[in-house]
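So the structure is just underneath, and the comments pick up after that.
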Number of protein chains: 2
Amino acid sequence: MAVSQTGRSGCPINLTLEQLGDRWSLIVIRDVMFGNRRSYGELLAQSEEGIASNILADRLKRLTASGLLSRRPDPKHRQKGIYSLTEASIQLVPLLAHMGAWGRRHTRPSKELSVRAELLEKGGAPLWNAFMDELRHLHLGASRPARSVFGELQAAYEKALAHRAR
Amino acid sequence: MAVSQTGRSGCPINLTLEQLGDRWSLIVIRDVMFGNRRSYGELLAQSEEGIASNILADRLKRLTASGLLSRRPDPKHRQKGIYSLTEASIQLVPLLAHMGAWGRRHTRPSKELSVRAELLEKGGAPLWNAFMDELRHLHLGASRPARSVFGELQAAYEKALAHRAR
DNA sequence: CACACCACTTGCGGATTGCAAGTGGTCTGA
DNA sequence: TCAGACCACTTGCAATCCGCAAGTGGTGTG
């Protein structure tokens, strides 16, 4: 519990990398967080990145085991699970916001997919906190906050999509 | 140049992950940034995490190719290269600071190695900016700033080490 | 109750990783 | 000047990880 399994150091940056430093873990968290995809099927079918089904199953298992996601059975479909963010993964919001901001500056992102990152960057810490409060409502059962950052991000994204489609 | 080679999406978070989402790239950047290790040998020998020599060589090559490090020959040793951060990797400071902050909260880091992360977290954006200015001095030849965040971080780390050793 | 559906697994070929040993250019000192 | 130490980096190999496609078995439905 206290010691890493990989024989690497106790540096907090390293330990974070050991949990999240692969190509898919943060993609899954991103889709749950910003896309509100809550089940295996939604995550698989609507994936922008085309994640393979076995990798998705493996990551859901690992992220659940390490406390970044929680899983509860779907009352409507006994076989199905509903995945939720935990407080730990909700606190990744600033990290993902910074990743988006860096990617916007130093890679060649598509315009539509940059809109959310841009809003998050411009909104800064106050917006992140409002978003985190909303995620606590959506995933942890906290009370609904006044502001829906999720809706704002989604609306901006859809507006960009429509603008592109014209 | 504009399009990713992996067939994944143009989401800025994804593109950032494609460059940095592996177990070693950010470790190398961390060591150059916070440990001021500037050559292959320093990075290999003093690595806390025990990176393998071929992996290190590969990452230095990839990071240089993608513009996150630059390499110039060492005037003292013709064979040797001196690696420097670029503006792009200097702008990873907030990301690494957040990773450290998250790791401090949600993993079990060692006390000594957490000291820097704690300072960076408490200092917030003003400290990050001062540190980035200093990195521009150390790596890009900009003028020396008044404040040495690097020295502060190092002193705090060594103090923690001494405290532990008593 | 047959059938479609869906969450998840399995098999397999190819890429990546880690380790240990090797290679060849570069500096040093007698 | 040249033998030997040193050092940046490569190579070989085994183990693991990854991506793809097909399969499996539980679950809902008409």
Side-chain angles (χ1 to χ4, degrees), chain A residues 4-9 14 17-29 31-32 35-66 69-84, chain B residues 4-9 14 17-29 31-32 35-66 69-84:
Chain A
S4 89
Q5 303 90 332
T6 60
R8 282 164 63 184
S9 86
N14 176 53
L17 272 177
E18 287 186 31
Q19 282 208 37
L20 301 171
D22 72 270
R23 281 190 137 50
W24 292 112
S25 297
L26 278 176
I27 294 286
V28 171
I29 289 175
D31 286 350
V32 176
N36 202 36
R37 296 180 195 142
R38 305 294 290 270
S39 67
Y40 179 87
E42 286 172 15
L43 285 163
L44 186 64
Q46 298 168 39
S47 169
E48 298 267 356
E49 328 289 352
I51 188 171
S53 62
N54 55 345
I55 305 291
L56 175 59
D58 177 74
R59 288 304 181 281
L60 288 172
K61 213 170 287 176
R62 271 162 51 167
L63 289 170
T64 304
S66 63
L69 293 177
S70 70
R71 184 202 149 113
R72 65 171 195 279
D74 184 336
K76 311 255 177 186
H77 299 267
R78 210 172 308 180
Q79 192 183 6
K80 210 168 177 175
I82 297 181
Y83 294 92
S84 299
Chain B
S4 88
Q5 302 91 332
T6 61
R8 283 164 64 183
S9 86
N14 175 52
L17 272 176
E18 286 185 30
Q19 284 209 36
L20 302 171
D22 73 270
R23 284 193 142 52
W24 292 111
S25 296
L26 278 176
I27 294 286
V28 171
I29 289 175
D31 286 350
V32 176
N36 202 37
R37 295 178 196 145
R38 304 294 290 272
S39 67
Y40 179 87
E42 285 173 14
L43 285 162
L44 186 65
Q46 298 168 37
S47 168
E48 298 268 356
E49 329 290 351
I51 189 171
S53 61
N54 55 345
I55 306 291
L56 175 60
D58 178 74
R59 287 305 181 280
L60 288 172
K61 211 171 287 177
R62 271 160 55 167
L63 290 170
T64 303
S66 63
L69 292 178
S70 70
R71 185 202 149 113
R72 65 171 196 278
D74 184 335
K76 311 259 176 182
H77 299 267
R78 209 172 308 182
Q79 191 183 7
K80 209 168 177 175
I82 297 182
Y83 294 93
S84 299

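Owing to the predicted nature of the structure, the values given are computational and were not obtained by experimental measurement. Just so we're on the same page: letters track the sequence lines, and every chain starts at 1.
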TODO: With sequence neighbours excluded, tell me which residues meet side-chain contact (heavy atoms from CB on, under 4.5 Å) with B:L17.
DONE: A:L26, A:I27, A:M99
- [ ] State which residues pass side-chain contact (heavy atoms from CB on, under 4.5 Å) with A:S39; sequence neighbours excluded, sorted by chain then number.
- [x] A:E42, A:K80
Open item on the list: In this structure, how many angstroms lie between the P atom of C:dC8 and the CG atom of A:L63, rounded?
Closed with: 14 Å
Task: Pairwise distance CG(B:L69) to CD1(B:I82) - rounded to 0.5 angstrom - done: 13.0 Å
TODO: For A:E18 and D:dC17, give me the distance from atom CD to atom P, rounded to whole Å.
DONE: 14 Å
Open item on the list: Quick one: does any side-chain atom of B:Y83 pair with a main-chain N or O of B:R37 as donor and acceptor, under 3.5 Å?
Closed with: no
Open item on the list: Please enumerate all residues that pass side-chain contact (heavy atoms from CB on, under 4.5 Å) together with A:S84, with sequence neighbours excluded.
Closed with: A:R38, A:S70, A:R72, A:H139
Table of protein N/O atoms under 3.5 Å from nucleotides 16-20 of chain C N/O atoms:
{"residue": "C:dT17", "atom": "OP1", "partner": "B:R59", "partner atom": "NH2", "Å": "2.8"}
{"residue": "C:dG18", "atom": "OP1", "partner": "B:W24", "partner atom": "NE1", "Å": "3.2"}
{"residue": "C:dG18", "atom": "OP2", "partner": "B:W24", "partner atom": "NE1", "Å": "3.0"}
{"residue": "C:dG18", "atom": "N7", "partner": "B:N54", "partner atom": "ND2", "Å": "3.4"}
{"residue": "C:dC19", "atom": "N4", "partner": "B:N54", "partner atom": "ND2", "Å": "2.6"}

N/O contacts under 3.5 Å, protein versus nucleotides 3-7 of chain C?
none

Task: Any B:I29 side-chain heavy atom under 4.5 Å of B:L20 side chain - done: yes
TODO: With A:W24 as reference, evaluate A:L56, A:L63, A:I51 under the side-chain contact (heavy atoms from CB on, under 4.5 Å) test and give the passing residue.
DONE: A:I51
Open item on the list: Once salt bridge (charged side-chain N to carboxylate O under 4.0 Å, His left out) is applied, what residue pairs with a partner in residues 53-62 of chain A remain, sequence neighbours excluded?
Closed with: A:D22-A:R59, A:D58-A:R62
